[in-house]
S.K.: 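Below you will find the structure I want to go over with you.
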Number of protein chains: 2
Amino acid sequence: MKKKERHQLLRELVQQEVIQKQEDFVDILKKRGIDITQATISRDIKELQLIKVPAQEGGYQYNLPPEMNYNISKKLARLMKDAFVSIDTQKEFVLIKTLPGNAFALGTLIETAKYQEVFGCISGDDTVLIICRDEDSAERFQRRIISFI
Amino acid sequence: MKKKERHQLLRELVQQEVIQKQEDFVDILKKRGIDITQATISRDIKELQLIKVPAQEGGYQYNLPPEMNYNISKKLARLMKDAFVSIDTQKEFVLIKTLPGNAFALGTLIETAKYQEVFGCISGDDTVLIICRDEDSAERFQRRIISFI
DNA sequence: TATGAATATGAATTCAAC
DNA sequence: GTTGAATTCATATTCATA
């Protein structure tokens, strides 16, 4: 496997999995039959400019570079402006209604953006249900989303 | 000095100075008569969610959390849309013309955003001169800026 | 709760090999 | 130019103390 391919894989992994430390990368790659050491991962991270973000719930998480997250936020903002219908919260849940056919894309973006308030999210055709970490998170997340409109 | 004050100070420092490691914080605070250890800085960084961004020119730099940088980019995008007149590059220099009175604000935002392409920048009333790290950086930076319009 | 000292853990670099 | 092993260096945590 070439370095470029590995870099691409790391970019995907960091969006899909919760990577807390460089050894996590090593372990995941090992499971896929790619043997690589922490030293190489360290260099990869530097080249890809991945960042280690402190999570307030304890722990850390590697993430995409700010620049790329900015692009994700931009997409999110655009989609919200285009397809947003309504938003409501109840306890730790946030429910967003969109124009038909847009919820899945919205859900994917919300997940990719990895907002700390968000525990998980499920999307239908015109509805995204976001499960936040707690009631406060839900409120914060709602404000965040509304600011995009 | 209270923890809250120190946190505020760290937020300012991270925008003004190039902080490569936690000991840099310790040293800077010491010069200001604030005695604090690396352990405390580590906790502060976690609470403030500061991130360590790899710079492609070697080295690392602590920075504000992605969320806050997103806001800076949003301001930059808005100002560009409002006040942009023209842009041109020559070697490693980028020259941006703005409506009168807007260049200084633009320059400040560009500096705060800490784009890696940028070495430094000088602002007048309707002109910002950005010195990039090299010719390639200047081109990349120009594209970046244009994407805001 | 906030902190420092000591320590453990994680991450970056050096050096040699390829 | 890329990598792993060993090492150095940086950072997070533990444990004690205020």
Side-chain angles (χ1 to χ4, degrees), chain A residues 1-15 17-66 68 114 116 134 136, chain B residues 1-15 17-66 114 116 133-134 136:
Chain A
M1 162 172 260
K2 296 274 162 51
K3 193 171 109 173
K4 281 224 169 183
E5 296 176 77
R6 192 180 63 241
H7 278 190
Q8 186 50 41
L9 181 56
L10 292 184
R11 260 199 257 269
E12 288 166 24
L13 283 175
V14 87
Q15 289 176 265
E17 320 250 352
V18 176
I19 313 282
Q20 296 201 307
K21 50 186 189 179
Q22 302 187 351
E23 289 291 349
D24 293 348
F25 274 125
V26 177
D27 293 344
I28 292 172
L29 291 187
K30 188 158 287 164
K31 277 184 199 148
R32 303 198 178 199
I34 303 161
D35 267 21
I36 213 76
T37 61
Q38 175 267 326
T40 299
I41 295 293
S42 172
R43 295 180 190 111
D44 288 346
I45 283 172
K46 185 163 192 171
E47 286 163 32
L48 292 166
Q49 297 181 255
L50 302 183
I51 56 176
K52 193 178 162 192
V53 184
Q56 83 264 63
E57 310 274 329
Y60 296 81
Q61 181 166 166
Y62 277 95
N63 213 329
L64 290 177
M68 298 190 67
K114 287 197 178 144
Q116 305 175 312
D134 53 44
D136 286 351
Chain B
M1 163 172 262
K2 295 276 162 52
K3 193 170 105 172
K4 282 223 168 183
E5 296 175 78
R6 192 179 63 241
H7 278 190
Q8 185 51 41
L9 181 56
L10 292 184
R11 259 199 258 268
E12 287 165 24
L13 283 176
V14 87
Q15 290 175 264
E17 319 250 353
V18 176
I19 313 281
Q20 296 202 307
K21 50 187 189 178
Q22 302 186 353
E23 289 290 350
D24 292 348
F25 273 126
V26 176
D27 294 344
I28 292 171
L29 291 187
K30 188 158 287 164
K31 278 183 199 150
R32 302 197 178 201
I34 302 161
D35 267 20
I36 214 76
T37 61
Q38 175 269 325
T40 299
I41 296 293
S42 173
R43 296 179 189 112
D44 288 346
I45 283 171
K46 184 162 192 172
E47 285 162 35
L48 292 167
Q49 298 181 254
L50 302 184
I51 57 176
K52 193 179 163 191
V53 185
Q56 82 264 65
E57 308 275 328
Y60 296 81
Q61 181 167 164
Y62 276 96
N63 213 329
L64 291 176
K114 286 195 179 144
Q116 304 176 312
R133 302 204 179 278
D134 53 43
D136 285 350

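As the structure is a prediction and not an experimental result, all values here were calculated from the model. Numbers restart at 1 for each chain; the letters A, B, ... are given by sequence-line order, proteins then strands.
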S.K.: If you compare all heavy atoms of Tyr62(A) against all heavy atoms of Lys21(A), which two are closest, and at what distance to 0.1 Å?
M.R.: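 Taking Tyr62(A) first and Lys21(A) second, the nearest heavy atoms are CE1-CA, 3.8 Å.
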S.K.: Give the intermediate values and the outcome of side chain to side chain contact (heavy atoms under 4.5 Å, CB included) for residues Leu50(A) and Asn63(A).
M.R.: CA-CA 6 Å; Leu50(A) 302 183; Asn63(A) 213 329; over 6 Å; no
S.K.: Could you state the CD-C1' distance from Glu5(B) to dA2(C), rounded to the nearest angstrom?
M.R.: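 Atom CD in Glu5(B) sits about 14 Å away from atom C1' in dA2(C).
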S.K.: Between Val26(B) and Ile36(B), which heavy-atom pair has the shortest distance, and what is it?
M.R.: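 The answer is CG1-O, 3.4 Å.
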S.K.: Where do Lys52(A) and Gln20(A) come nearest, in terms of heavy atoms and distance?
M.R.: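 Smallest interatomic distance, heavy atoms only, reads CE-O, 4.4 Å.
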S.K.: Rounded to the Å, how far apart are Arg6(B) CZ and dA2(C) P?
M.R.: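 These atoms are roughly 9 Å apart.
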S.K.: Heavy atom of residues 17-27 of chain A under 4.0 Å from DNA chain D: which residues?
M.R.: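 Residues of residues 17-27 of chain A that come under 4.0 Å of DNA chain D do not exist, since none gets that close.
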S.K.: In whole Å, what is the span from the OH atom of Tyr62(B) to the P atom of dA11(C)?
M.R.: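 From Tyr62(B) OH to dA11(C) P: 11 Å.
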S.K.: For a quick check of understanding: with a heavy-atom distance under 4.0 Å over all strands, which category does Asp35(A) fall into, base, sugar-phosphate or nothing?
M.R.: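 Here Asp35(A) touches the backbone only, sparing every base.
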S.K.: Measure across Ile51(A) and Pro54(B) and return the closest heavy-atom pair with its distance rounded to 0.1 Å.
M.R.: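 Reported closest heavy-atom pair: CG2-CD, 4.2 Å.
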S.K.: Please report, rounded to the nearest Å, how far the C1' atom of dA5(C) is from the CD1 atom of Ile36(B).
M.R.: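 Going from Ile36(B) (CD1) to dA5(C) (C1'), I get 14 Å.
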S.K.: Locate the shortest heavy-atom distance separating Gln22(A) from Ser42(A); write the atom from each residue and the value.
M.R.: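 Scanning both residues, the minimum pair turns out to be OE1-CB, 3.5 Å.
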S.K.: Without decimals, in angstroms, what is the distance between Lys46(B) NZ and dT3(C) P?
M.R.: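 Taking atom P of dT3(C) as the reference, NZ of Lys46(B) is at 16 Å.
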S.K.: Specify the separation, in whole Å, of atom CD1 of Ile41(B) and atom P of dA5(C).
M.R.: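 These atoms are roughly 14 Å apart.
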S.K.: Distance under 4.0 Å to a non-hydrogen atom of chain A counts as contact; along DNA chain D, which nucleotides mark the start and end?
M.R.: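 Under 4.0 Å from chain A, the extent on DNA chain D is dT2(D) to dT13(D).
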S.K.: Taking only the side-chain nitrogens and oxygens of Thr40(B), find out if one of them lies under 4.0 Å from OP1 or OP2 of dG4(C).
M.R.: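 True: Thr40(B) side-chain N/O within range (under 4.0 Å) of dG4(C) OP1/OP2.
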S.K.: Lys3(B) or Tyr60(B): which one's nearest nucleotide on DNA chain C is closer to the 5' end?
M.R.: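 It is Lys3(B) whose nearest nucleotide is closer to the 5' end.
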S.K.: Leu29(A) vs Met1(A), test: side chain to side chain contact (heavy atoms under 4.5 Å, CB included). Steps then yes/no.
M.R.: CA-CA 11 Å; Leu29(A) 291 187; Met1(A) 162 172 260; over 6 Å; no
S.K.: How long is the line joining CD of Glu47(B) and C1' of dT3(C), in whole Å?
M.R.: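 Taking CD of Glu47(B) and C1' of dT3(C), I get 12 Å after rounding.
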S.K.: Where do Ile19(A) and Leu10(A) land on the side chain to side chain contact (heavy atoms under 4.5 Å, CB included) test, with the steps shown first?
M.R.: CA-CA 10 Å; Ile19(A) 313 282; Leu10(A) 292 184; over 6 Å; no
S.K.: What does dT13(C) pair with, Watson-Crick or G-U, if both distances are under 3.5 Å?
M.R.: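 In the structure as shown, dT13(C) has dA6(D) as its Watson-Crick or wobble partner.
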S.K.: Closest heavy-atom contact between Gln15(A) and Arg11(A)?
M.R.: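 Closest approach of Gln15(A) to Arg11(A): OE1-O, 3.3 Å.
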S.K.: Atom CE of Met1(B) to atom P of dT3(C): distance rounded to whole Å?
M.R.: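 In whole Å, dT3(C) P and Met1(B) CE are 11 Å from each other.
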